[in-house]
Amino acid sequence: MLYTLIGLVIGGGLGFYFTRRYFIKQLKEHPPINEKMIRAMFLQMGRKPSEAQIRQIMKSMEQAR
């Protein structure tokens, strides 16, 4: 019974560690918002964004992370 409990604790810890690592990797590779989405939001508001505005928004989002 003791071995089962120890195995569950170790397995849970390892599972949490690898799942968290995988999730962070996926967020870095596929950010939740990109430049195309920002352009679409500006166009929906009736504005044509400049590249400087888009870069500024992307930079502020990177700093927020």
Side-chain angles (χ1 to χ4, degrees):
M1 178 140 162
L2 182 61
Y3 291 123
T4 304
L5 184 60
I6 292 172
L8 286 173
V9 170
I10 291 173
L14 288 174
F16 174 77
Y17 172 76
F18 286 112
T19 302
R20 183 175 180 273
R21 201 168 122 192
Y22 178 75
F23 184 73
I24 291 171
K25 178 183 171 221
Q26 288 297 317
L27 279 178
K28 283 182 182 177
E29 290 177 0
H30 309 286
I33 191 165
N34 58 23
E35 293 178 7
K36 289 172 78 174
M37 292 178 184
I38 293 171
R39 280 190 186 90
M41 287 190 295
F42 269 87
L43 291 174
Q44 286 176 351
M45 291 187 294
R47 295 180 54 194
K48 176 121 174 64
S50 67
E51 284 299 314
Q53 288 174 324
I54 292 173
R55 276 188 256 116
Q56 180 184 12
I57 292 170
M58 289 300 290
K59 188 175 179 182
S60 69
M61 289 177 62
E62 286 293 324
Q63 289 175 351
R65 283 189 204 176

Given the options F18, F23, Y22, F16, R20 meets side chain to side chain contact (heavy atoms under 4.5 Å, CB included) only with F16

Just wondering, more than 12 heavy atoms not from Q56 lying within 6.0 Å of its CD?
-> no

How far apart are the closest heavy atoms of R47 and Q53, and which atoms are they?
-> NH2-NE2, 3.0 Å

I54, L43: one ILVMFWY side-chain cluster at the under-4.5 Å cut-off?
-> no

Identify the residue among V9, L2, T4 that makes a side chain to side chain contact (heavy atoms under 4.5 Å, CB included) with I6.
-> L2

To the nearest 0.5 Å, tell me how far L14 CG sits from T19 OG1.
-> 10.0 Å

R39/E51 under side chain to side chain contact (heavy atoms under 4.5 Å, CB included): CA gap, chis, key distance, verdict = CA-CA 9 Å; R39 280 190 186 90; E51 284 299 314; 2.6 Å; yes

Heavy-atom closest pair (I38 atom, M61 atom, distance to 0.1 Å) is CD1-SD, 4.4 Å

